[in-house]
Structure formats: structure tokens, C-alpha cells
2 protein chains.
Amino acid sequence: MPPELKIALADRARGGTRGRVYSALRDALVAGRLEPGRRLSENELAEWLGVSRTPVREALVRLRDDRLVEIVPQLGTFVSKISIAAVADAQFVREALECAAIRLAATRVTEAELLALQALIAQQDEARAAGDLDRFYLLDDGFHSALCESSGHAIAWTLVQRADGHLNRVRRLSLPVPEYMAEMIDEHRSVVAALAERDPDSAEAVLRHHLRMVLSGLQPIQAEHPEYFEQQPA
Amino acid sequence: MPPELKIALADRARGGTRGRVYSALRDALVAGRLEPGRRLSENELAEWLGVSRTPVREALVRLRDDRLVEIVPQLGTFVSKISIAAVADAQFVREALECAAIRLAATRVTEAELLALQALIAQQDEARAAGDLDRFYLLDDGFHSALCESSGHAIAWTLVQRADGHLNRVRRLSLPVPEYMAEMIDEHRSVVAALAERDPDSAEAVLRHHLRMVLSGLQPIQAEHPEYFEQQPA
DNA sequence: AACGGTGGACTAGTATGCAAGCGTGCCGCC
DNA sequence: GGCGGCACGCTTGCATACTAGTCCACCGTT
């Protein structure tokens, strides 16, 4: 575990120690390198990352706001198990914000932005062909980020990211299915097409359908990794 | 300044020192007791609140995520000035989330929840008659919170609150106008009426109009307190 | 053998100490 | 008188020390 974390840490020189620690831990959590249910320890993490407890603590507090970890005083810090309710919440938030954003974007997107979106899709296709999951994941994020930016409210993407911890873990677990990637790229194309026609209703409808695709992967994952999921109250 | 802070602190025994400090500071910021542009100091705040720098630091980091303060390394921490762009962002987020929530709520709200909403409105009317601004403000928050809860995604209200720092400061500054309160109560009644008829479109339209009312108070406030606002780049 | 109590080793929460950087005011120089 | 430079005091960032509380395993007793 330590080596991966150190790599992720080295990647991002920005934002001081605290920012690096937060990014490193968040990456590790979303990518599943720190599996749900696992117990963390501030001391352990601090040692792995080669920093003191202070920045680790501050990062963990932020991650708790993101619902990715649970901090139990005098007991320990735990990687949140994936909760169906939390996934539903995240999906709701994402739909609400991104759909509102794309309606705006449809009225104000520029040609340059449309070209940039198409370029991103092309890169996604390359990543799919190369089977590079991580790259595809990043490009997908970039696509949706660019979408929000075109609306003039980049804040939307910031919030989606922070609210989306549970959902992103599901995304990462479901990406390995190759045909999903092709389907997603097609839908991205449809979204951009609707944007190009400046049609808010159509753009919203297409995006909403696209966003709901993620959920289709949920049940198989739950069947495959039940230990990652919160037990439902009967 | 210290006395008000200590009072706010005493109010909330929940959540340990860190939670108390965060709540106290947030209240003071949103209520305008810590005016925009003011310079804060971790040492000063720690002394006022009777705790050490550590919980203050962690609270300030969260408040920076809320965009209520700006932390400049090696220089100081400042109360964010109200930024028109940030207000617009907050309004966008709030509309997107609350309107999505009320659409859901219209399909699943229970009779008991409708009664609770009506009870809140009645209390708002009392607060208005008594001229109790703080109480009215709290009841308004409670109303919108209950709305989100009825949608099954209480998380929406949590996010709205955290994203709404700038907007809430405007709300607090504009509340003193008495006729606004009466108008808001009327609109609350309309929202509940639309919910009672299980009409998502109408509920959303009414709520959206209601939420935009806040913005109508923006310009007079900017005229009255220009020093609270971020200078626009020409 | 089974149960109860006690001690140790862990946890997070908080407080404090040290390092590095920026702003400002003062003092000397031109 | 005006300007350049240095030094002091302030800031936050980070590391470390200490407190309080929980869990768990071991040991003594019944």
C-alpha cells in the first residue's frame, strides 16, 4: 500500500502538504486501493505519506465531509462502505446539478468549447481502444467538467465531485466492462450533438439518460463484492 | 465581538470542540457579525473561543471550502467579500438542487409532512408579526430543509447550506425589509399548495420564482454596503 | 473450565512548539 | 527630502507532545 500512495502523492506538487495528502487519499479511496470497511489510522497514514499527523487529520476531516471515511472518536477512522442510499443521493445531486448546467450550456456554449468537447471524445476513443481504464476515467471526468464549465457555473462540477465519492467508486468498479465504454462514448457524442443544436430539452434528456447508465452497473458489482457494501437494514 | 461568539458557542454543545467552533464561526460570518473583508487570525479566534489553534484551524479549512473565508499562507485569513459571481453560483446550485428535490417531493410527500410544512408557515407568520428576524430566518431554513427531506434526499439541503454562504449573507442583509417577509410567507403557502396537489411542474415553477426573490434584494444591498462586495473587474 | 476484572496498547482530540514567508515600519544613505 | 534596504513582528504551515477514552487480551478467581 505505501508505494502506491507515495506515487500518487508525488504526482501533485500543488497545494502544499495538506492538498497533496487529500488528493492522494481521495485517489486511493475512489480507486479502491483503500477498500471499503478497512480501518485507517492517522499514525499509519502519516508514516506512509512521510508527513505528520496534522495534515493527515485535516485531509480526513474533508474526506468525512465527502462521506468517504467515517471518523469514530477514540476508536478509529474507517473507509466508508458503499451505501445504496449514499449512491442514490450522489446520483440525485449529480443529475440535478449537471442537468441544470447543461440547460444553461445549451444556450451559451461557444464553438470553441464544442470543439474541445469533441476532442475529448476522440481521446476517449483512443483510451478505449488502448484499454487504458485510468485514462478513460480521467477523460470522462474532464468531459463532464468541461460541460459544467460551459454553463458558466464551474462550481457545479466541484460540488458534483465532492458529493460523488460513493458513486465514483461504483464507476471505477464497473468500468472494466468494455462495452460500457463504447456506449458511454456514443452517449457523449449525442450530448455534444444536442448542445451543438442549442437544444436544452434534448441535451438534458440525453445527459440524464447517460448519467443513469452508471446505476445499471450497480447490482452486478454488489453481487460480486458484497463486502464492499453497507448492509441494508431489513 | 468576543461575547457574541461565546454565546453562539455555548448554544451548541454537540459535536465536540471542532463542531462548536465551526458552527460559531459560521453563524458569525453568515449573520455578518464578522464583516466581509475583515482580517481574522487563528490566534485571536482561538483566544476568543477559549480553545487552541488546532480546532480553529480545522474549522477555517472547512469554511474555506464553503467560500466564506480566504486563507492566504503566511499572510492571514480574511472574511470573503461577497462576490456577485459567488452569489450567482450559489443561486444556481440552490435552484438546481431544491427544484429537483421538490419535483420528487411532489410525488411522494405525505399528509403528515404537508401538515408540518403548514405548521412551519404559521410559525413564520408569528415571527413576522413579532418582528423577530432571527427566528424568521431559522424558520425559513427549516421550511426549505423540510422540503428537501420530503424528497427523500436530505443531502440536498446539506449541500445547499454549505454552498450558500454568500447567498445567505445577502439574505440576512435583505431580511429587514418587512414586506419581503410577508411575500415570502405567501410564496411558501403557494409551494405547499402545489405540493398538496401533487403537481411537480407547478411546485417547481413556484419554488423557482420564490428562490429568485432573494436576488431582487441584491442591488439595494450592494448600493448600501459597497464595502462588503468584491470589486468587479471592469 | 468459565467468568470477571484489570492493565496495556491502541485510538482520535487537543494543545503547544518550531519553521518559513510575507508585510511593514524604521533607519541609514544618497 | 526621497529612496533603498534591513530587521522585526506578524501570519499560517507543519511537527510533536500530551490527554482522555475505547478495545482487547491476559490473568486471577470461582
Side-chain angles (χ1 to χ4, degrees), chain A residues 1-2 5-6 8-10 12-26 29 34-81, chain B residues 1-2 5-6 9-10 12-25 29 34-81:
Chain A
M1 188 61 49
L5 286 175
K6 291 214 178 201
L9 185 148
R12 335 200 156 203
R14 62 185 165 85
T17 306
R18 174 172 51 216
R20 289 204 308 275
V21 171
Y22 173 75
S23 299
L25 288 178
R26 193 175 218 287
L29 286 165
L34 296 172
E35 64 273 21
R38 172 178 187 136
R39 177 183 194 170
L40 302 176
S41 141
E42 295 179 356
N43 286 318
E44 225 173 335
L45 294 173
E47 197 178 341
W48 286 350
L49 294 164
V51 299
S52 88
R53 271 183 62 207
T54 307
V56 172
R57 267 188 71 71
E58 294 177 356
L60 287 176
V61 169
R62 291 188 69 188
L63 289 167
R64 183 186 55 177
D65 282 342
D66 297 346
R67 302 173 75 175
L68 282 172
V69 304
E70 281 159 25
I71 303 175
V72 184
Q74 275 51 331
L75 213 165
T77 303
F78 303 85
V79 180
S80 299
K81 294 209 172 184
Chain B
M1 190 61 49
L5 286 176
K6 293 219 175 194
L9 186 150
R12 337 202 155 200
R14 62 184 165 84
T17 307
R18 174 174 50 216
R20 287 203 310 276
V21 171
Y22 173 74
S23 299
L25 288 179
L29 286 166
L34 295 173
E35 65 273 23
R38 174 182 187 132
R39 179 183 194 168
L40 302 176
S41 141
E42 296 178 356
N43 286 317
E44 224 173 335
L45 293 172
E47 196 179 343
W48 286 349
L49 294 163
V51 299
S52 87
R53 271 182 61 208
T54 306
V56 172
R57 269 186 70 73
E58 294 178 356
L60 287 176
V61 169
R62 292 187 68 187
L63 289 167
R64 184 185 55 176
D65 282 343
D66 297 346
R67 302 172 73 174
L68 281 173
V69 304
E70 282 159 24
I71 302 176
V72 184
Q74 274 67 13
L75 212 165
T77 303
F78 302 85
V79 180
S80 299
K81 294 209 172 186

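What you see is a predicted model, and the numbers here were worked out from it, not measured in a lab. Throughout, a chain's letter reflects where its sequence line sits, starting with A, and its residues are numbered from 1.
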Taking 4.0 Å as the cut-off, does a side-chain nitrogen or oxygen of [X] come that near to OP1 or OP2 on [N]?
X        : N       : value
Thr54(A) : dA15(D) : no
Thr17(A) : dG13(D) : no
Ser41(A) : dT11(C) : yes
Asn43(A) : dC10(C) : no
Arg18(B) : dG13(C) : yes
Arg53(A) : dT16(D) : no

Exercise. Counting side-chain heavy atoms from CB outward, which of dA15(D), dG13(D), dA12(C) is closest to Ile71(A)?
Worked result: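 Of all the options, the side chain of Ile71(A) is nearest to dA12(C).
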Exercise. Which nucleotide in the list dG23(C), dA15(D), dA15(C) gets nearest to the side chain of Pro55(A)?
Worked result: dA15(D)
Quick one: [X] [atom1] to [N] [atom2], roughly how many Å, whole number?
X        : N       : atom1 : atom2 : result
Glu42(B) : dA15(C) : CD    : P     : 14 Å
Phe78(B) : dC10(D) : CZ    : P     : 15 Å
Arg57(A) : dC18(D) : CZ    : C1'   : 14 Å
Glu47(B) : dT11(D) : CD    : P     : 11 Å
Leu75(B) : dA20(C) : CG    : P     : 19 Å

Exercise. So which heavy atom on Ile71(B) is nearest to which on Leu60(B), and how close?
Worked result: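 For Ile71(B) versus Leu60(B), the nearest heavy atoms are CD1-O, 3.9 Å.
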Heavy-atom distance under 4.5 Å between the side chains of [X] and [Y], does that happen here?
X        : Y        : value
Asp66(B) : Tyr22(B) : yes
Leu63(A) : Leu29(A) : yes
Arg26(A) : Arg62(A) : no

Seminar exercise, completed: Closest to the 5' end of DNA chain D, once Glu58(A) and Gln74(A) are matched to their nearest nucleotides, is Glu58(A)
Exercise. Which part of the nucleic acid, if any, lies within contact of Leu60(A), taking any heavy atom under 4.0 Å across all strands shown: a base, the sugar-phosphate backbone alone, or nothing?
Worked result: nothing
For this session: Report the distance from atom NZ of Lys81(A) to atom CD of Glu35(A), rounding to the nearest 0.5 Å.
Result: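 Between Lys81(A) NZ and Glu35(A) CD, I get 10.5 Å after rounding to 0.5 Å.
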